Each structure stands twice: as structure tokens, then as C-alpha cells.
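First comes the structure, then the notes that go with it.
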Amino acid sequence: EKDGHDWFMRKEIHEQPRAVADSLLGRRTPEGRLHLDEMRLSDQELRDVDKVIIIACGTSFYAGMVAKYAIEHWTRVPVEVELASEFRYRDPILDYSTLVVAISQSGETADTLQAIRHARTQRSKVLAICNTNGSTIPRESDAVIYTHAGPEIGVASTKGFLTQLVACYLLALYLAQVKGTRYGDEIDEVMRQLEAMPDHIATVLASADAIYAMAAEHVDTRSVLFLGRHAGYPVALEGALKLKELAYIHAEGFAAGELKHGPIALVESGLPVLCVVPPAGRDQLRDKMVSGIQEVRARGARTICLVEDGDDAITPYADTVIRLPKVPVLLQPLVAVVPLQLFACELATRMGHDVDQPRNLAKSVTVE
Ligand code: M6R
């Protein structure tokens, strides 16, 4: 049942090209317009949306952070992303023109469920992004985008996360189509880029051995930092969460621009720092990231850089380079997170931990 893999998690990491492809399947009409099966909100209702609030927990929250960048960029609708557990306790400002998007792989997370119940009492429309057909959160929502990851057994979310990202991009593009903020051919172009992602993810998976070799060098590590910018920032947070969950080591993700505002004080000789470098097309972002990498390296950090193929500007400052396929910055999380999943899975395995059932964690968190 694990298809020859030692863990469900490793199997699920390798299923990601298919999971992403399945989550993209059947989303376009023969005329090429985006179509979402269980949208159930009318075009007029969506046109009336003037604010989006995304609520989620853990890995799903990081998907929500990427969604914010995509929705705001393509639709110009303001987006807030909020931890579900905080949401209803702060008296959030909601009304009928607020679209609340709940992201939950399981569809049973209590914090997220209570948050959408609160949103509905305020007359907001709720759209669920969910991987589990008929679970409570989609049942209590006005609309659903189902992801097609298939069952995710490993407690640590992997293919669930990638397919949530796909659903978020689809939602952002759909809103852009309905609101007319982007032309059809632009939406088409992004859909083509998305449809190329399964192959790009497969390319990253094909170099898993290099990442495993790197993990082998880090079995004595007690602390790791992850840096990213833009859509790479949630990737850094997700990489750190995976390491905490599976390897039980201290790991923190930061927006690289924040380094100088505090976290750089943590850097000492030999500290591994994983850096998600923005694609070269985004030179301003990329160059700022390079200077962050230089700063930590000057203080003795061991830098492991996830870099777009063909971008050699980082090589002089990287102790290890991991190549990523060339993709647009907003879609980069779909490839950049994969080496971080492999790294955490392998490191935890080498440390002798149960990767599928990490201590103290449950797959569905059904209590607040
Ligand atoms: O089922 P959900 O997406 O609502 O779950 C949310 C979190 O509990 C979940 O992502 C958790 O952080 C995972 N263990 C991450 O690997």
C-alpha cells in the first residue's frame, strides 16, 4: 500500500505530480473559460465581494498566505489571512460582501469550523477549499473547491498542501475572470503554466537523492532557519513546520527582509540556513535575497539555496545549491516546497523517528 516506499509520507510526496494534475483536471470549458464545479456562488455574488478573508491552520494557513499574493495580484481585491484559532475571538469585521475562504485538507479542523460558523452568523459567504468529500467544513459552506490529492495518510501534509495551492490559484483566476480584472488570454497563459507544473514537480523529485545526501549531513543539527521572500516566505514557514513536526528540531521560517530586524542575532557558525531564492525574472526581490544570504554567510551560517535553474548569481554564497525549474514567482511554491518536504522526511527517518505518526500530533484536530 506504500508502493515500495518506507513511509506514506514519502509515497505522498512522490504522488504530487499526479495530485496537482488531478486538481487541475476539468477546470476549463471547451471555450477555454475557467469553470469550478461546486462554486455555487453566482457571478453577481462574486462581483459584490470587496474583501476576502482566508482562515486556516498550520500548513493550510501557509497555502492561504500564497493565496493572498495571487488573489490580490490578479484581482486587486484586498485579502487578509488569519489563523482560524484567532479569528472569531477578535471581533472581525465581516458583512455580506466579505468572502471567507476556509482552507482545510481534512474538512474537520475544529478551529476552522468554528471560524466559518462565526462568519456565517455575520452573513458572509463561505467558500471551502477541501480534500475530503462530504466532510463538515464543505457541508457548512456556501461553495467548495475540492482538491484531488486522494487520501493523505501521513500526519504531515504534503500533497494536500500542493493541491491547496492549486485550488487557491484557480480561485484567484476565477475571481479575476468574473470580475474582469484580467483578460482571458492572461488567465489562459497562467493555466498553461499551471498545467506544466506536474512535470516541473517531477523534475524536482528526480533529484531527491541529492537532497537525501544533504539530509545525511545534518543528522546532528539542532536548529535550522528558513528564509524566503514574497511567495517564498510561506514556503520557508512550511519548510520549518515540516522539520519541527517530523525531526523534532528547532526550525524557524522568516521573511528574509526581517533578518536585520532581529533574527540575524540567532546566526552562529555552522547554523544551516535554507534560502528560497525568488526567480531571476524578479531581480529586485532576488537581489535583496542575495544580500540576506551574504549576511548570514558572513556570520558563519551554512547556506543551502534553492535557486532557479540557470541563475548563478547565488552560487558564490551557497554552500549547497538545489536547482529549481524556471517558473513564475507566484507559482514557485509548487516546486520550492518539494525539496523541503524531502529534506524533513529523510532527516526524520535518519534520526529514527516515526515519520507518518509524529509524536503528539493528530491528522485531524477536532478540538479547539
Ligand atoms: O486538515 P487541515 O488542513 O484543516 O489541517 C490543518 C493543520 O492541522 C495541518 O495542516 C497541520 O499543520 C499538519 N500536520 C501540517 O503538516
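Position 1 is the first residue of the sequence; numbering continues from there. Fair warning: this is a prediction, and the values are worked out from it, not measured in the lab. These numbers come from the heavy atoms of this one structure, side chains and all, not from hydrogens, waters or symmetry mates. When a ligand or atom number is given, it counts from 1 through the structure's own listing order.
Atoms of ligand 1 lying under 4.0 Å from at least one heavy atom of K242, given by number and element, are 15 (C), 16 (O). Atoms of ligand 1 lying under 4.0 Å from any heavy atom of G58, numbered from 1 in the order shown and given with element: 12 (O). Applying the 4.0 Å criterion to heavy atoms of E245 picks out, from ligand 1, the atoms 13 (C), 14 (N), 15 (C), 16 (O). Of all atoms in ligand 1, listed by their number and element, those nearer than 4.0 Å to a heavy atom of S157 are 15 (C), 16 (O).
A salt bridge is absent between E368 and R117; no separation between the charged side-chain nitrogens and carboxylate oxygens falls under 4.0 Å. Salt bridge present: D188 and R192 bring a charged side-chain N and a carboxylate O closer than 4.0 Å.
The shortest contact between atom 10 (O) of ligand 1 and any protein heavy atom is with T59 N, 3.2 Å. When hydrogens are left out, the protein atom nearest atom 1 (O) of ligand 1 is S106 OG, 2.7 Å; that is the closest non-hydrogen contact. In terms of protein heavy atoms, atom 6 (C) of ligand 1 is closest to C57 O, 3.3 Å. Of all protein heavy atoms, the one lying nearest to atom 8 (O) of ligand 1 is V365 CG2, 4.2 Å.
No more than 12 heavy-atom neighbours from other residues, nucleotides or ligands sit within 6.0 angstrom of CZ on R76.
Residue Q105 has at least one nitrogen or oxygen atom sitting less than 3.5 Å from a nitrogen or oxygen atom of ligand 1, judged on distance alone. In terms of N/O distances under 3.5 Å, ligand 1 is approached by V155. Between K363 and ligand 1, no pair of N/O atoms sits closer than 3.5 Å.
The side-chain tip of R27 does not point at the ring of Y169 from less than 6.0 angstrom away and within 45° of straight on.
With hydrogens and angles left out, the side-chain atoms of D37 and H35 include a donor and acceptor closer than 3.5 Å. R47 and Q44 are linked by a side-chain donor-acceptor pair at a separation below 3.5 angstrom, with hydrogens and angles left out of the test. Between the side chains of D48 and S97, no donor N or O sits under 3.5 Å from an acceptor N or O.
D91 contributes atom CG, which lies 6.5 Å from atom NE2 of H118 (distance to the nearest 0.5 angstrom).
Closest heavy-atom approach to atom 4 (O) of ligand 1 within the set N131, I103, T109: this belongs to T109.
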